[in-house]
Student: 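Take this structure, written in structure tokens, and hold onto it; I'll ask about it next.
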Amino acid sequence: MPPTACGASRSRAVVPSGLLDTLARVPDPRGPRGVRYQLATLLAFGVCAMTTAGHNSLVTIAEWARRCDQEVLARLGCPFDPFTGRYRAPGERTLRDAFAKVDPAALTAAGFARLTALTSPAARPLSPDGVPEREQRRAHRAAVLAPDPVRPRRRAFAVDGKCLRGAVRADGSRMFVLTAVRHDDALTAALREICAKTNEIPEFAPLLDAIDDADLHEAVITVDALHAQKDHARYLVEDRHAHYLLSVKNNQPTLARQLRKLPWSKAPVLDRSRARGHGREEVREVKVVSVDGLLFPHARQVVHIHRKRRPLGAKKWQTETVHALTDLPAHQASPAEIASWARGHWIIENTVHWTKDVTFAEDTSQVRHHHTPAVMSALRDLARAALDRAGWTNIASGRRAHTHPGATLNLHGIP
């Protein structure tokens with residue numbers, strides 16, 4: 001589904017039920033001559049193969065397709081050869097040529113429409129197949145023992161870029177993708193490939209143009225300091241009727257100097273939290289002051305976040321202080337909500353990017369033909385999100401549990 005113009009709303013009346021129905025909504029850029037496989041079938045092979053452990057590249061996707069039995073090939077919509085009496089599986093060249101032409105933004109939008117309609121089960125001590133698993137146990141224990149979390153009044157999306165380190169263009173430049181991820185469930189709502197002669201900044205508005213107004217209206221967009229741009233703030237507030245929480249660093253020296261000079265020593269700590277995990281302890285203290293007349297459009301509150309962290313058992317703390325801006329006034333965004341959005345922004349790094357790099361080996365993938373790297377990244381997102389929606393806390397364990405093609409097709413709703 002191609003991105004719509006800013007302010008336009010896409011139809012949400014019909015939500016596709018299965019993966020093939022979802023992928024059928026992705027426009028097919030291939031010419032009609034010589035086409036043997038439906039585009040939805042080829043993309044489904046990519047998602048299903050990547051759902052299975054060990055299949056992270058085009059070569060292994062083609063190997064997975066060759067090992068599928070006739071029933072699986074028929075369920076995936078492969079063409080039937082009347083001369084051999086068998087369904088034909090696509091080869092690597094067929095997959096490579098098709099993926100190179102697909103629009104990754106349209107693929108991500110179609111997948112988001114389906115995954116949003118699915119509900120995630122509550123955290124359980126056992127994995128969905130009934131096998132004890134450490135990460136599953138930890139997630140269940142944290143959900144049971146943790147105090148009631150702050151529930152912000154607005155949904156939030158994190159926007160961040162990612163370098164596909166293994167994909168190097170012919171001129172030596174690296175490929176990047178810019179993604180928007182929903183805080184509460186780590187679903188990728190939009191993905192945009194960054195061309196060789198540009199960067200993340202001019203792609204910010206086109207990325208969010210692909211998100212429906214119903215999803216973005218009154219939502220909070222969290223970004224890092226690179227996107228603390230005045231044009232971005234005006235676009236969000238004036239054009240999309242959304243809100244922002246922007247980190248500010250020395251790439252905006254005048255603004256950063258203005259924020260540091262505010263009377264923080266006299267401001268009280270309005271939110272304090274402590275967390276333990278990943279071998280370290282962290283304490284976060286949040287101060288918030290209301291402002292007017294800052295050198296930034298629509299700014300209403302400034303946030304001062306002081307972080308202290310140390311390895312478990314150590315005595316010395318490492319400290320860090322960051323500042324952020326939001327257009328929301330105090331009666332619309334409490335300090336606890338702002339702190340929740342600031343922490344939630346890291347889900348795009350800690351959950352999405354980390355999983356794709358470590359579990360799906362994205363940084364080692366060296367495919368670089370046209371749109372193929374970004375399309376492969378979008379396919380990894382669909383496989384990761386489907387496993388997460390099915391209740392798998394440990395995505396690597398979920399991939400190992402779906403070594404049988406029949407179980408993989410059932411996971412994705414392919415009849």
Student: Test salt bridge (Lys or Arg N to Asp or Glu O under 4.0 Å) on Arg240 and Asp209; report intermediate values, then the result.
Tutor: CA-CA 9 Å; Arg240 301 306 304 272; Asp209 282 344; 3.6 Å; yes

Student: Between Ile211 and Ala180, which heavy-atom pair has the shortest distance, and what is it?
Tutor: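 Of all heavy-atom pairs spanning Ile211 and Ala180, the closest is CD1-CB, 4.0 Å.
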
Student: Side chain to side chain donor-acceptor pair (under 3.5 Å), that's the test. Do Thr222 and His183 meet it? Break it down for me.
Tutor: CA-CA 9 Å; Thr222 62; His183 279 206; 3.0 Å; yes

Student: How close do Glu193 and His370 get, heavy atom to heavy atom, and via which atoms?
Tutor: OE2-O, 3.7 Å

Student: So that I can tick it off, tell me whether Glu285 and Lys287 are bridged by a salt bridge, with the cut-off set at under 4.0 angstrom between side-chain N and carboxylate O.
Tutor: no

Student: Is Arg234 salt-bridged to Asp239, cutoff N-O under 4.0 Å?
Tutor: no

Student: From Met50 CE over to Lys356 NZ, what is the distance, rounded to the nearest 0.5 angstrom?
Tutor: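 Here the interatomic distance stands at 10.0 Å.
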
Student: Kindly compute the distance separating CG (Leu43) from CG (Leu76), expressed to the nearest 0.5 Å.
Tutor: 11.5 Å

Student: Within the 3.5 Å criterion, strictly below it, is a donor on Arg399 or Asn394 matched to an acceptor on the partner's side chain?
Tutor: no

Student: With a 4.5 Å heavy-atom cut-off, do Leu191 and Phe112 have their side chains touching?
Tutor: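 Not in contact.
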
Student: Assess whether a salt bridge exists between Asp185 and Arg389, defined as any Lys/Arg side-chain N lying under 4.0 Å from an Asp/Glu carboxylate O.
Tutor: yes

Student: For Val367 versus Pro373, what's the shortest heavy-atom pair and its separation?
Tutor: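 Val367 and Pro373 have their closest heavy atoms at O-CG, 3.1 Å.
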
Student: We want to know whether Ser247 and Asp224 form a side-chain donor-acceptor pair, criterion being a heavy-atom distance below 3.5 angstrom.
Tutor: no

Student: Starting at OG of Ser377, measure out to CZ of Phe176 and round the result to the nearest 0.5 Å.
Tutor: 13.0 Å

Student: When rounded to the nearest 0.5 angstrom, what is the spacing between CG in Leu411 and CG in Leu19?
Tutor: 9.5 Å

Student: Quick one: side chains of residues 157-167, donor-acceptor pairs under 3.5 Å with protein atoms, not counting sequence neighbours, listed by atom name and distance.
Tutor:
from   : atom 1 : to     : atom 2 : distance (Å)
Lys162 : NZ     : Asp357 : OD1    : 2.8
Lys162 : NZ     : Glu362 : OE1    : 2.8
Lys162 : NZ     : Asp363 : OD1    : 3.4

Student: Calculate, to the nearest 0.5 Å, the distance between atoms OG and NE2 belonging to Ser340 and His345 respectively.
Tutor: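 Nearest 0.5 Å value for the OG-NE2 distance: 13.5 Å.
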
Student: Checking Tyr37 side chain against Ala98 main chain: does a donor-acceptor pair fall under 3.5 Å?
Tutor: no

Student: Please check if any side-chain donor atom of Gln332 sits under 3.5 Å from a side-chain acceptor atom of Arg154, or the reverse.
Tutor: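 Per modelled atom types, Gln332 and Arg154 side chains form a pair under 3.5 Å.
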
Student: For His298, what residues pass the ring pair (Phe, Tyr, Trp, His ring centres under 6.0 Å) criterion, not counting sequence neighbours?
Tutor: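 In terms of ring pair (Phe, Tyr, Trp, His ring centres under 6.0 Å), with neighbours along the sequence ignored, His298 is linked to no residue.
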
Student: Is any side-chain heavy atom of Asp212 closer than 4.5 Å to one of Asp215?
Tutor: yes

Student: Step by step, work out the salt bridge (Lys or Arg N to Asp or Glu O under 4.0 Å) result for Glu337 and Arg153.
Tutor: CA-CA 8 Å; Glu337 288 178 306; Arg153 289 168 281 181; 2.8 Å; yes

Student: When you check the gap from the basic side-chain N to the acidic O, do Glu281 and Arg274 get nearer than 4.0 Å?
Tutor: yes

Student: Scan side-chain atoms only and decide if His55 and Thr60 contain a donor-acceptor pair under the 3.5 Å cut-off.
Tutor: no

Student: Centroid separation under 6.0 Å, is that true for the rings of His323 and Trp264?
Tutor: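 Between His323 and Trp264, which both carry aromatic rings, the centre distance is below 6.0 Å.
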
Student: Indicate yes or no: does Arg93 engage Asp97 in a salt bridge with an N to O separation below 4.0 Å.
Tutor: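 Yes, this pair counts.
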
Student: Which heavy-atom pair separates Cys48 from Trp64 by the least distance, and what is that distance?
Tutor: CB-CH2, 3.6 Å

Student: Do you know which two heavy atoms are closest between Arg284 and Ala275, and how far apart they sit?
Tutor: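 Looking at all heavy atoms of both residues, the closest pair is NH2-CB, 3.9 Å.
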
Student: Any salt bridge between Asp184 and Arg155, counting N to O under 4.0 Å?
Tutor: no

Student: Can you classify the ring geometry of Trp392 versus His402 as parallel (below 30°), tilted (30 to 60°) or perpendicular (above 60°)?
Tutor: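 Answer is perpendicular, since the angle exceeds 60°.
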
